[in-house]
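Just so it is clear: chains get the letters A, B, ... in the order the sequence lines come, proteins before strands, and each one is counted from 1. Not measured: the values here are computed from a predicted model.
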Amino acid sequence: MQLATFSTTEQELLQKAQWIAGFTLGEIAQQLNMPVPADLTRDKGWVGILIETALGAKAGSKPEQDFAHLGIELKTIPVNAKGMPLETTFVSLAPLTQNSGITWQTSHVKHKLQRVLWVPVEGERAIPLAQRHIGMPILWSPSPTQDQQLQRDWEELMELIVLGRLNEINATLGEVLQLRPKGKNRQALTNAINQKGEPIQSLPLGFYLRKNFTSEILQNFLYSTL
DNA sequence: TAGTGATCATAG
DNA sequence: CTATGATCACTA
């Protein structure tokens, strides 16, 4: 099996992802001649880049799906020994301006989550990075129920943004989707609109999937294989 | 210890 | 700054 090669079909990509399941991050990194950092503190995206590279995605990252020709987005997700998510999953930046015509159907969130190849990876900090195992991949698309959950939250959160009620936004809102800061630090600024419709500067926000949602995806996959 | 708010690296 | 890839870490 050749790593870091182009996949023509969905099946080919899935088989490649299934092939790397069971290997450690260190083993894959060695195959790709990629150095393994001591920890992820200053390399938070390293696991994602490593798996992208192994599966033949362009590790440059452009504003499109990882496998655009297949319509598939790749997401690695850190899990504990029970296969439960350890972190939320970033989806996309929230549009704080020029968002009047956007609907759920035309949103970046809906588009990105249309079809996702989830790759679970052991994520407990007690396990040295190089020794963490890669899990079985899950090729997923939202069920009608999941799509409705996402739409409800997205519309509720976008309403606050469109109305300029940014000061009311915090991470406790949303059942499965939440808004949290997404930037260099708390000093990061981006253009936004206040309640009076005036241009202001605001902390950039991003949409994140809560763990209860991604946990369900992983669990459903386990059941489907029994 | 879970969850929210904060943060890190890099390319363009 | 935006968009890619996310996890860290403080606090209730």
*Asks:* In whole angstroms, how far is the P atom of dT2(C) from the CD atom of Gln201(A)?
*Replies:* 9 Å
*Asks:* Rounding to an integer number of Å, can you tell me how far Met84(A) CE sits from dA2(B) C1'?
*Replies:* 13 Å
*Asks:* Taking NZ from Lys184(A) and P from dA3(C), how many angstroms apart are they, rounded to a whole number?
*Replies:* 18 Å
*Asks:* Write down the distance between CZ (Arg210(A)) and C1' (dA2(B)), rounded to a whole number of angstrom.
*Replies:* 11 Å
*Asks:* Rounding to an integer number of Å, can you tell me how far Asn212(A) CG sits from dT4(B) P?
*Replies:* 10 Å
*Asks:* Check every strand shown and say whether Leu86(A) touches a base, only sugar-phosphate, or nothing at a heavy-atom separation below 4.0 Å.
*Replies:* nothing
*Asks:* Would you mind classifying the nucleic acid contact of Gln65(A) as base, sugar-phosphate or nothing, using non-hydrogen atoms under 4.0 angstrom?
*Replies:* nothing
*Asks:* Mind checking if Lys75(A) touches a base, just sugar-phosphate, or nothing, with heavy atoms under 4.0 Å?
*Replies:* sugar-phosphate
*Asks:* Not counting sequence neighbours, which residues clear side chain to side chain donor-acceptor pair (under 3.5 Å) with Trp140(A)? List them please.
*Replies:* Gln146(A)
*Asks:* Just distance, no hydrogens or angles: give the donor-acceptor pairs under 3.5 Å from side chains in residues 2-9 of chain A, sequence neighbours left out.
*Replies:*
from    : atom 1 : to       : atom 2 : distance (Å)
Thr5(A) : OG1    : Gln2(A)  : O      : 3.4
Thr5(A) : OG1    : Lys16(A) : NZ     : 2.9
Ser7(A) : OG     : Lys16(A) : NZ     : 3.0
Thr9(A) : OG1    : Glu12(A) : N      : 3.0

*Asks:* Looking at five pairs on each end of the helix from dT1(B)-dA12(C) to dG12(B)-dC1(C), what is the angle between the two axes, given to 10 degrees?
*Replies:* 30°
*Asks:* Rounded off to whole Å, could you give me the CZ-to-C1' distance for the Arg186(A) and dC8(B) pair?
*Replies:* 17 Å
*Asks:* Would you say Glu168(A) has more than 12 foreign heavy atoms packed within less than 6.0 Å of its CD?
*Replies:* yes
*Asks:* For residues 182-194 of chain A, please give each side-chain donor-acceptor pair under 3.5 Å, one per line with the distance, not counting sequence neighbours.
*Replies:*
from      : atom 1 : to        : atom 2 : distance (Å)
Asn185(A) : OD1    : Gln187(A) : N      : 2.8
Asn185(A) : OD1    : Ala188(A) : N      : 3.3
Asn194(A) : OD1    : Lys196(A) : N      : 2.9
Asn194(A) : OD1    : Gly197(A) : N      : 3.0
Asn194(A) : OD1    : Glu198(A) : N      : 2.8
Asn194(A) : ND2    : Glu198(A) : OE1    : 3.0

*Asks:* Only counting residues at least two apart or in another chain, list the ones meeting side chain to side chain donor-acceptor pair (under 3.5 Å) with Glu175(A).
*Replies:* none
*Asks:* What is the distance, to the nearest angstrom, from the CZ atom on Phe67(A) to the P atom on dT4(C)?
*Replies:* 15 Å
*Asks:* List in chain and number order the residues that pass salt bridge (charged side-chain N to carboxylate O under 4.0 Å, His left out) with Arg115(A), two or more places apart in sequence or in another chain; answer none if no residue qualifies.
*Replies:* Glu10(A)
*Asks:* Kindly say whether, by distance alone, the side chain of Lys182(A) makes a donor-acceptor pair under 3.5 Å with the base of dG5(C)?
*Replies:* yes
*Asks:* Say you draw a straight line from CG of Asn170(A) to CG of Leu173(A); how long is it, rounded to the nearest 0.5 Å?
*Replies:* 4.5 Å
*Asks:* Got a sec, which residues hit side chain to side chain donor-acceptor pair (under 3.5 Å) with His133(A), two or more places apart in sequence or on another chain?
*Replies:* Glu122(A)
*Asks:* Using the side chain to side chain donor-acceptor pair (under 3.5 Å) criterion, which residues pair with Ser100(A)? Sequence neighbours excluded.
*Replies:* none
*Asks:* Go through residues 150-178 of chain A and report each residue with a non-hydrogen atom lying under 4.0 Å from DNA chain B, sorted by number.
*Replies:* Asn170(A), Ala171(A), Thr172(A), Gln178(A)
*Asks:* More than 12 non-hydrogen atoms from neighbouring residues, nucleotides or ligands closer than 6.0 Å to CH2 on Trp104(A), yes or no?
*Replies:* yes
*Asks:* Identify each donor-acceptor pair in which a side-chain atom of residues 27-39 of chain A lies under 3.5 Å from a protein atom, sequence neighbours left out, and give them as a table.
*Replies:*
from     : atom 1 : to       : atom 2 : distance (Å)
Glu27(A) : OE1    : Thr24(A) : N      : 2.9
Glu27(A) : OE1    : Thr24(A) : OG1    : 3.4
Asp39(A) : OD1    : Thr41(A) : N      : 2.8
Asp39(A) : OD1    : Thr41(A) : OG1    : 2.7

*Asks:* Which atom pairs, donor and acceptor, lie under 3.5 Å between side-chain atoms of residues 80-90 of chain A and protein residues at least two apart or in another chain?
*Replies:*
from     : atom 1 : to        : atom 2 : distance (Å)
Asn80(A) : OD1    : Lys82(A)  : N      : 2.8
Asn80(A) : OD1    : Gly83(A)  : N      : 3.1
Asn80(A) : OD1    : Met84(A)  : N      : 2.9
Thr88(A) : OG1    : Arg180(A) : NH1    : 3.1
Thr88(A) : OG1    : Arg180(A) : NH2    : 3.3

*Asks:* Tell me, for nucleotides 7-12 of chain C in 5' to 3' order, what letter each nucleotide earns: B for a base near a protein heavy atom under 4.0 Å, S for only sugar-phosphate near one, - for neither?
*Replies:* BBB---
*Asks:* dT4(B) P sits how many Å from Leu209(A) CG, rounded?
*Replies:* 14 Å
